[in-house]
There are 2 protein chains.
Amino acid sequence: MPRLDDVARAAGVSKATASRALSGADGVSPATRTKVQRVADELGFRASGAARRLATGLTRTIGVLTPSVDRWYFGSVLHGIAHAADLHEHDVLLYDLGAFGHGGHEKFERFMRRGEVDGLVTITWSLVGGDLTRLAELGIPVATVGEPTPHTRSFCLDDDAAGAQATEHLVQLGHTDLLHIASQTEVQPFDASSSDRRKRAFEAVSAEHGLRMRPVRTVPTTLEGAHAVALHFLDRPDRPTGIVAGTDEVALGVMLAAHQLGIRVPEELSVVGVDDVPSAAPFGLTTIRQDPAQHGEDVVAWIMGAMRSRGRRGGDASQPDRSHTGYAPELVVRASTAPPRP
Amino acid sequence: MPRLDDVARAAGVSKATASRALSGADGVSPATRTKVQRVADELGFRASGAARRLATGLTRTIGVLTPSVDRWYFGSVLHGIAHAADLHEHDVLLYDLGAFGHGGHEKFERFMRRGEVDGLVTITWSLVGGDLTRLAELGIPVATVGEPTPHTRSFCLDDDAAGAQATEHLVQLGHTDLLHIASQTEVQPFDASSSDRRKRAFEAVSAEHGLRMRPVRTVPTTLEGAHAVALHFLDRPDRPTGIVAGTDEVALGVMLAAHQLGIRVPEELSVVGVDDVPSAAPFGLTTIRQDPAQHGEDVVAWIMGAMRSRGRRGGDASQPDRSHTGYAPELVVRASTAPPRP
DNA sequence: CTGAAAGCGCTTACAG
DNA sequence: CTGAAAGCGCTTACAG
């Protein structure tokens with residue numbers, strides 16, 4: 001593996017000049033730059049990342065802390081992050097924390113001990129407020145996607161609007177007897193999780209329109225979990241005419257249970273979800289769309305900007321940016337919702 | 001941020017001793033070690049990874065090259081990798097290559113240019129043989145999960161056995177008219193992709209039992225893609241009595257299409273998949289189970305072992321291990337398969 | 001525009 | 001068991 005020194009020697013310049021020529025720094029004559037670059041290519045030179053890190057203090061890496069990678073939302077955010085990081089020539093270091101309390105916290109501590117990154121994004125649900133505070137004190141840009149938080153910059157769907165929009169869609173269709181099925185949050189990070197905010201929006205709209213107030217059901221946050229529970233509480237004559245599910249997975253599980261119980265959707269039961277996962281369309285699920293991959297791209301763009309401004313002002317100059325971006329929900333009407341039957 | 005030097009001074013020892021005490025190297029008196037550790041804790045010392053990398057040449061990082069993170073198989077493998085890497089105190093660097101030809105190759109080149117890892121796992125479909133050869137020459141342990149390959153160590157489901165088992169299950173039930181629906185492989189990396197091998201096994205079993213030979217259909221590898229295509233070719237009187245789908249996503253898409261066309265499963269159509277995704281159970285899908293997270297854990301375990309033996313023998317001593325591990329498939333019978341109606 | 005030199009913060013023979 | 005010193009391979013003031 002050739003070193004910078006080899007390139008410099010072969011090009012007949014000093015290490016300093018070779019370094020500048022290769023890094024694109026200015027103050028190098030065009031001729032010299034071209035020559036150094038050619039020699040570097042010929043030799044197959046690849047600068048040592050470790051040496052560069054040590055010299056510059058920059059890792060060119062952004063860290064991701066997530067509770068899961070094998071679920072649609074998290075995978076999509078991660079995809080967006082990876083894509084955007086690549087555009088900025090940054091690597092992504094993945095910390096898959098797993099469920100909180102199931103080894104997640106030890107993994108978090110390990111990150112604190114040895115994770116070396118220039119910027120960090122945490123995908124919600126794995127962290128509590130105290131953790132986020134510690135991260136925010138790391139001296140690097142930190143952002144959260146999936147939940148608004150007072151401790152860091154944050155990005156996510158406007159859950160209040162999403163919950164309201166889903167509920168209002170059914171009210172508009174004429175429903176007066178609705179049930180909200182919330183998906184379980186494994187950890188309660190801040191004052192209100194996404195799930196909580198969607199629930200409250202449902203309740204507010206229900207109250208506003210004077211709907212029958214049924215107690216909210218909370219189910220596991222997977223299709224199979226929601227399905228198992230729905231099989232029980234749907235199988236009774238006094239069931240509602242419409243269901244607002246906290247997520248598409250839950251909605252799909254409910255639809256499947258309804259189908260298996262011989263309850264026709266939407267004739268006898270309307271169902272609306274939140275997410276617009278890829279399988280929502282073939283199942284004809286009416287839902288509220290969000291685009292997590294876009295959120296992932298946006299969070300990286302913000303981190304890159306924040307890194308630049310910190311660099312410029314030499315550190316802890318101004319207050320860190322802890323603003324929140326809420327994405328507007330978009331109702332997608334399909335075949336799972338209709339007016340209630342008289 | 002305190003440096004090793006600060007710890008050493010505060011503990012009244014040299015940097016060398018402090019380093020040895022902290023790293024757990026032997027040749028340090030117990031008293032000294034304890035003292036150094038205590039001082040390090042008090043000061044909140046965290047060794048610089050960059051400096052350590054430069055001095056040792058080890059990154060304590062393993063790289064993952066994958067075509068996707070937001071699909072069940074890839075997410076699960078990644079989850080297993082992350083978990084096992086954590087156990088070994090290694091970080092994971094994620095390269096989400098995306099579909100080959102859609103920017104995937106440029107990302108691969110970027111990895112070759114600046115990815116610094118001690119071991120590498122590539123999850124199939126994103127790489128072609130030439131790429132794998134280059135990776136194998138990197139001088140670090142490289143393994144592939146998802147496809148057997150001659151270029152590296154590899155791990156995956158025994159696709160031949162899986163395809164045969166699925167087909168034989170339907171034959172055993174009495175079916176003689178089957179259709180295989182294969183999922184599309186975006187790139188054809190080696191001589192036979194998973195999809196190809198499942199297909200060939202289907203054909204071999206069909207021939208062996210003298211079944212009607214229908215041409216294999218190939219569909220997109222998502223539920224929604226398979227669903228759209230199945231809507232067309234299922235809607236005809238001469239449809240088969242049983243379908244062997246290349247994956248659960250495809251099988252689920254087919255079941256949904258059948259349902260929408262008024263074809264009852266399993267009374268009029270049996271369907272079997274491969275994977276056992278979480279939603280297979282609630283949908284009652286008969287399938288061939290595999291456990292990708294386990295494959296991810298195994299591949300990391302192998303990498304750790306390979307790193308140790310390279311270290312021991314100082315480099316390119318013996319031939320690199322390019323063996324293959326095929327996992328035995330496991331048939332899970334549910335409600336989507338039954339004897340054909342007379 | 002270019003170069004000599006110091007420095008980033010560790011680890012590890014080598015000597016004692 | 002411990003320490004002084006060299007070395008890992010870059011970058012970046014500083015001087016010219």
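Numbers restart at 1 for each chain; the letters A, B, ... are given by sequence-line order, proteins then strands.
Atom pair B/Arg53:CZ and C/dC10:C1' shows a separation of 13 Å (rounding to whole Å applied). Summarising the geometry, the separation between CE on A/Met1 and C1' on D/dC8 is reported as 15 Å, rounded to the nearest angstrom. Summarising the geometry, the separation between CG on B/Asp26 and C1' on C/dT12 is reported as 13 Å, rounded to the nearest angstrom. When the C1' atom of D/dC10 is taken as reference, atom CG of A/Leu54 falls 8 Å away, rounded to whole Å. Residue A/Arg9 contributes atom CZ, which lies 12 Å from atom P of C/dA4 at whole-angstrom precision. Taking atom CG of A/Leu58 as the reference point, atom C1' of D/dT12 lies 14 Å away to the nearest angstrom. In this structure, B/Lys15 places its NZ atom 12 Å from P of C/dG7, rounding to the nearest Å. The interatomic distance linking A/Asp5 (CG) with D/dC8 (C1') rounds to 13 Å, in whole Å.
Mapped onto DNA chain C by nearest heavy atom, B/Ala51 and B/Ala16 fall at different nucleotides, with B/Ala51 at the one closer to the 5' end. When each of A/Leu4 and B/Pro30 is assigned the nucleotide of DNA chain D with its nearest heavy atom, B/Pro30 is the one assigned upstream, toward the 5' end. With DNA chain C read from its 5' end, the first of the two nearest nucleotides for B/Ser48 and B/Thr17 is the one closest to B/Ser48. In terms of position along DNA chain D, the nucleotide closest to B/Thr56 lies nearer the 5' end than the nucleotide closest to the other residue of the pair B/Thr56 and A/Ser19.
When each of D/dT11, C/dC1, C/dA4 is scored by its nearest atom to the side-chain atoms of A/Ala55, the top-ranked nucleotide is D/dT11. Comparing atom distances between the A/Thr32 side chain and each of C/dC10, C/dT2, D/dT11 picks out C/dT2 as nearest.
For B/Arg153 and B/Phe155, the positive end sits near the middle of the six-membered ring, less than 6.0 Å away and at most 45° from its axis.
For C/dT2, the paired base is D/dA15 (Watson-Crick or G-U wobble, both distances below 3.5 Å).
The residue B/Arg20 sits close to a base: some heavy atom pair falls under 4.0 Å. Looking at heavy-atom distances under 4.0 Å, A/Ser23 makes no contact with the nucleic acid at all.
A salt bridge links A/Glu89 with B/Arg110: at least one charged nitrogen is closer than 4.0 Å to a carboxylate oxygen. In summary, A/Arg114 and B/Asp91 engage in a salt bridge, as defined by a charged side-chain N under 4.0 Å from a carboxylate O.
Taking atom C1' in both C/dT12 and C/dG16, one finds a spacing of 16 Å when rounded to whole Å.
A donor-acceptor pair is defined here as one N or O able to donate and one able to accept, closer than 3.5 Å; no such pair exists between the side chain of A/Asp86 and the backbone of A/His83.
A ring-centre distance under 6.0 Å is found for A/Tyr327 and A/His295.
For D/dG3, the OP1/OP2 oxygens have a side-chain nitrogen or oxygen of B/Ser14 closer than 4.0 Å.
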